[in-house]
Each structure stands twice: as C-alpha cells, then as structure tokens.
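Ligands are counted one by one from 1 in listed order, and the atoms in each one are counted from 1 as well.
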Amino acid sequence: MDIILIGPPGAGKGTQALAIEQQLGVTHIASGDLFRAAIKQGTPLGLQAQEYMNRGALVPDDLVINMIIERVLRPDCAEGVLFDGFPRTEAQAVALDAALAKHQRQIDSVLFLDVPADILVKRMAGRQICGLCGAIHNIYFFPSKRPGVCDQCGDLLYQRSDDTFETARRRIDVYFTQTRPLIEYYSQQGKLVEVDGLRPIEQVTESMLEALGVLQALERMA
Ligand code: AMP
C-alpha cells in the first residue's frame with residue numbers, strides 16, 4: 001500500500017505518521033527528516049537544502065525528487081510507503097506517479113489532514129521533538145510533564161530551527177500557494193480522504209485507519 005499524508009505544516013502529520021506506520025507496517029518516508037539527516041551529516045545535499053529550509057522556502061523540486069525516488073526504490077519500501085511531507089508541488093506529484101508506475105505501483109490513498117491556518121503557527125512554534133524516540137510534544141497544546149524532557153523515553157526535547165513564529169508563517173504561506181493545489185490533483189484522481197486534524201490525536205488516527213480500511217480488516221480477523 002502506498003499512501004500520502006498531506007496537510008499544512010503543523011497539522012500533525014509526523015505524529016500521525018508514527019501511528020500509521022506501526023499499524024500498517026509500511027515504511028515511513030518523511031522528506032523533511034531526510035533533509036535534516038543530510039544537514040546533520042554535512043552532505044552536499046544537506047548544505048544545499050539548509051539554505052532553503054532556514055528561510056521556510058521549499059527545496060528545489062529536482063533535489064527533492066531525486067532524493068525521494070532513490071529512497072523509494074530501496075528494498076525496505078517494497079511492501080509500501082507512507083509519504084510524509086512529499087509531494088509538496090505538482091511537479092513532485094507528477095514525478096512520483098511516473099516513478100511508481102515504472103514499477104507497476106501507484107498511490108492508493110491520500111490522507112489530507114486539515115487544520116485551520118490560525119492554529120498552525122502555535123502548533124509549529126510550540127513544537128518540541130524528542131531527540132531519541134521522535135515523540136512530539138507542544139508547549140501550548142501537549143506539554144511534557146517535565147519541561148524539556150520526553151514523557152515517553154526521558155531523553156531531551158529539542159526545537160526545530162525552522163519552528164520559529166516568523167518561519168512558521170512563511171511556511172504556511174508557501175503551503176497555501178504551492179502545496180494546497182495538490183488537493184485538487186488527488187481529488188480528481190479519486191484518492192483523497194479528508195480528515196479533521198483538530199480532534200484529539202487518537203481520534204484522528206482512528207479516522208485515518210478507518211479510511212484506509214484497516215480497522216474493518218482487523219475487526220473481520222477478530
Ligand atoms: P517538514 O519537516 O516536512 O516540515 O519540512 C521541513 C522543510 O524541509 C520544509 O520547510 C522545506 O524547506 C523542506 N522540505 C521538506 N519536504 C519538502 C518537499 N517535498 N519539497 C520541498 N521542500 C521540502
């Protein structure tokens with residue numbers, strides 16, 4: 001099963017991706033995580049991407065497309081992929097469709113996690129991520145019990161360098177101009193499922209699994 005998780009920055013895609021990945025056993029590919037890893041390793045790709053990320057701009061299509069297609073053709077992706085943060089432009093969506101088609105694959109579902117723009121800035125500027133287990137907290141909406149310490153594993157939480165108020169606003173603008181049109185692209189393909197991202201985390205996950213037919217399959221097996 002190849003699935004796309006799409007939505008504005010700060011909608012909760014990363015949190016939901018962790019839950020869906022566990023339930024479905026698909027490989028989670030987050031373009032932002034791949035760039036952050038490249039930056040940490042100091043690779044040429046990382047150095048190029050960093051400049052765009054710091055400004056809240058999109059990394060150029062050719063760099064993103066090459067990185068994702070190379071990743072998707074690895075053996076651990078054979079059983080299916082959950083794309084998170086990719087595609088973000090129509091050129092990326094078209095390139096992904098073409099690359100999958102070459103291998104007799106196609107996107108099965110596009111989960112559109114929607115959250116109103118006024119909530120998104122606080123979701124991003126308040127976000128704190130665990131450096132060890134990847135759990136996500138938020139100082140406004142979902143604070144950790146001990147400030148700066150992960151509830152799940154006790155490691156330290158950090159803030160992404162592009163999660164400032166100013167960059168958050170820019171990233172939301174970029175989303176509406178460049179990524180939001182993809183909703184129409186996938187809707188026309190009959191693959192779009194809209195999920196209200198304002199509800200509690202577990203309810204959002206349940207709606208997504210229901211939309212993918214996973215809950216129904218589990219019930220039949222019980
Ligand atoms: P994310 O972790 O998905 O919020 O992405 C963080 C940043 O990485 C974005 O603001 C972009 O600068 C860059 N980025 C991630 N995915 C893409 C993509 N599909 N296309 C272009 N830039 C991307």
Is there a side-chain contact between D97 and Y185 (heavy atoms, below 4.5 Å)?
yes
Heavy-atom neighbours of Q178 CD exceed 12 at 6.0 Å:
yes
For Q152, does the CD atom have more than 12 heavy-atom neighbours from other residues, nucleotides or ligands under 6.0 Å away?
no
State whether D33 and R36 are salt-bridged, where the test is any N-O pair (Lys NZ or Arg NE/NH1/NH2 against Asp/Glu carboxylate O) under 4.0 Å.
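Counted as a salt bridge, because a side-chain N and a carboxylate O are separated by less than 4.0 Å.
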In plain terms, say whether D76 and R71 are close enough for a salt bridge, that is, a side-chain N and a carboxylate O under 4.0 Å apart.
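A salt bridge links D76 with R71.
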Going by atom types alone, do T27 and R74 pair a side-chain donor with an acceptor below 3.5 Å?
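The answer is no; no qualifying pair exists.
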Under a 4.0 Å heavy-atom cut-off, what residues line ligand 1?
S31, G32, F35, R36, M53, A57, L58, V59, V64, G85, F86, R88, Q92, R160, D162, R171
